[in-house]
Amino acid sequence: MKKFLLLIAAVSLLSACGSKTPEYYKEHPAEMKAKAEACSRMSEAEKMADRECAAISKADSDRFFGDHMEKPGAPRGRGTKQY
């Protein structure tokens, strides 16, 4: 029982410390650039499996498009009259 609890604690600690969030990469552009270069050398399957590459992609798109993206089909302007 002790081994099982120790194993669960070790796995939870390792999984929590591993990857960085998109917000982290937004605040640290030098690290984002270095990791982006490493991700560019990976295959597409490896990029999709790597959480940090996905976080870099999200941080870069948020930086480019801003935090608010307009959804397609969202109402804009006055609209039309319905008869």
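- When every heavy atom of Ala59 is checked against every heavy atom of Pro22, the shortest pair comes out as CB-O, 3.5 Å.
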Identify all side-chain donor-acceptor contacts of residues 31-40 below 3.5 Å with residues at least two apart in sequence or on another chain.
unit_1 : atom_1 : unit_2 : atom_2 : d
Glu31  : OE1    : Tyr24  : OH     : 2.8
Glu31  : OE2    : Tyr24  : OH     : 2.8
Lys35  : NZ     : Asp50  : OD2    : 3.4
Ser40  : OG     : Glu37  : O      : 2.6

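- Tyr25 contributes atom OH, which lies 3.5 Å from atom CD of Glu52 (distance to the nearest 0.5 angstrom).
- If you run side chain to side chain contact (heavy atoms under 4.5 Å, CB included) between Glu44 and each of Met42, Lys47, Glu46, only Lys47 comes through.
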